[in-house]
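Throughout, protein chains are lettered first and strands after them, A, B, ... in sequence-line order, and every chain is numbered starting at 1.
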Number of protein chains: 2
Amino acid sequence: MTAEHDTGDGRKLRGQRRRAQIIEATLAIVRRDGATGVTHRTVAKEAGITTSLTLYYFATLDDLLVAALTSVTDEYTHRIRQLIESEDEPLDGLAHLIAESAGPGRERALAERELSTLAARRPALRPVARRWRDNVAELARTQTDDPDAVEAVVALSDGLCAAILLNDEEADPNHIRAILGKALRRTRQ
Amino acid sequence: MTAEHDTGDGRKLRGQRRRAQIIEATLAIVRRDGATGVTHRTVAKEAGITTSLTLYYFATLDDLLVAALTSVTDEYTHRIRQLIESEDEPLDGLAHLIAESAGPGRERALAERELSTLAARRPALRPVARRWRDNVAELARTQTDDPDAVEAVVALSDGLCAAILLNDEEADPNHIRAILGKALRRTRQ
DNA sequence: GTACAACTAGTACGATAGTTCAACTACTGG
DNA sequence: CCAGTAGTTGAACTATCGTACTAGTTGTAC
């Protein structure tokens, strides 16, 4: 549920809308400058509001990062759920999702990864960060009964994404799809 | 307050030795508090030297982080090379290396990951960060001729490591070895 | 011993961080 | 209309940051 950044007139954003706006500004900064760049002041500036207002909604910087990570994870969760429930081949969709880490979607994937790394250090964030993996696992389970294969698909998704981020090359969804497919196929023989 | 950072025989550390000491202190901080915790002051305190000394060796914080990442990558590179050249099964060694991300080696793996994430954002650092992947790929190539399988092993190594860091569970080398093995075996069918 | 380069130490400056706070404004229920 | 509350503001506090700078010490080549 994306909120508008401002109403354009004198009316003030209130409650959840303002909250969403601040989270959006936070993510914009994580995408542009990394998690290190997130401070109350930079977020406020990005959102065009005062520093104290970000503090009004998020008492500490940690709260803000948790909210940001939750938000970005929610989005991926939603997209993976759609893949699972759709009629099409879920693996194709997953491959496309991973391939998005290159090109225009790069910053977004990088933000997700950066926040995940942060999560490894803050136990409170881990359940949120694990959701992406849980969802990929669920998707994989629609394709196989082998727990090892499920684990492999999750790890592959993560690792392929990292590879794409580290190289600057284009990512070919078909190629990704092929690698994921092989990881599953071996259990069917 | 006489210099605690001397060699014990009165001689001062100089040149590369001092450099190495500062890098070591930096890595200790990355392991304990993350890359965010790295400042000239914290590094100096960790090493038991003055702030200006860290600046003497590393003009900017960036220089210091680059040196730290290079150092940690060099170490992994060395270990993987040993695996490749050793008589034993390289895959077993790789599995052990990955399994180390749990338990006592957790902080070290986390540091490596954190610095790698940093690298995704600074093009100059990427070649350094890519070395770990290149080495794993080289190791994999001793086991298979299939480029896809090599790519899969690299991605799996990365993803499995991330999974271990995100969960707090123990990591079973045999299990990891099995998953890596399957990724290679399927190409032989 | 002297000179010069390498090194060490302490201090200081300007910038920015997280956070607090009292005062102010806009909206809402009565 | 008024009172109460949610939302908002700007200034100020303390702490720490990266870095600069000066002055002093040490090692070494002559």
List the residues meeting side chain to side chain donor-acceptor pair (under 3.5 Å) with B:Glu138, not counting sequence neighbours, and say none if there are none.
B:Arg81
Without hydrogens or angle criteria, can the side chains of A:Arg79 and A:Gln82 be said to hold a donor-acceptor pair below 3.5 Å?
no
From the options D:dG7, D:dG10, C:dT8, select the nucleotide whose nearest atom is closest to the side chain of A:Tyr57.
D:dG7
With the threshold set at 4.0 Å, does a side-chain nitrogen-carboxylate oxygen contact exist between B:Arg31 and B:Glu24?
yes
More than 12 non-hydrogen atoms from neighbouring residues, nucleotides or ligands closer than 6.0 Å to CZ on A:Arg106, yes or no?
yes
If I take atom CG from residue B:Leu94 and atom CD1 from residue B:Ile80, how far apart are they, to the nearest 0.5 angstrom?
6.5 Å
Rounded to whole angstroms, how far apart are CG on B:Leu64 and P on D:dC17?
14 Å
Just checking B:Val43: base, sugar-phosphate only, or nothing, at a heavy-atom cut-off of under 4.0 Å?
nothing
Taking atom P of C:dC7 as reference, at what distance in whole Å does atom CD of B:Gln21 sit?
13 Å
If you restrict it to nitrogen or oxygen atoms, what contacts under 3.5 Å exist between nucleotides 20-23 of chain C and the protein, and what is each distance?
none

Using atom CG of B:Asp62 as one end and atom P of D:dG18 as the other, report the distance to the nearest whole Å.
11 Å
I'd like to know whether CD of B:Glu170 has more than 12 heavy-atom contacts from other residues, nucleotides or ligands below 6.0 angstrom.
no
Please report the distance, rounded to the nearest Å, between CD1 in A:Ile49 and P in C:dC24.
22 Å
Which donor-acceptor pairs under 3.5 Å do the side chains of residues 149-162 of chain A make with protein atoms, sequence neighbours left out?
unit_1	atom_1	unit_2	atom_2	d
A:Glu151	OE1	B:His175	NE2	3.3
A:Ser157	OG	A:Val153	O	2.8

With a 4.0 Å limit, can you tell me whether B:Arg18 has a side-chain N or O closer than that to the phosphate oxygens OP1/OP2 of C:dT8?
yes
Protein N or O to nucleotides 13-16 of chain D N or O, pairs below 3.5 Å:
none

Options C:dG10, D:dT9, C:dT19, nucleotide nearest the side-chain atoms of A:Thr60:
C:dT19
With sequence neighbours left out, the residues meeting side chain to side chain donor-acceptor pair (under 3.5 Å) with A:Glu107 are none
Between A:Leu61 and B:Thr51, which has a closest nucleotide on DNA chain C that is more 5'?
B:Thr51
Measure from CZ on B:Phe58 to C1' on D:dT19 and round the result to the nearest Å.
16 Å
Any residue meeting side chain to side chain donor-acceptor pair (under 3.5 Å) with B:Thr77, in chain and number order, not counting sequence neighbours:
B:Asn135
From CD1 of B:Ile22 across to P of C:dC7 the rounded distance in Å is 11 Å
Indicate whether OP1 or OP2 belonging to D:dT8 is found under 4.0 Å from a side-chain N or O atom of A:Tyr56.
no
Could you state the atom-to-atom distance from CG of B:Leu53 to C1' of C:dC7 in whole Å?
8 Å
Can you figure out which of C:dA6, C:dT19, D:dT19 approaches the side chain of B:His40 most closely?
D:dT19
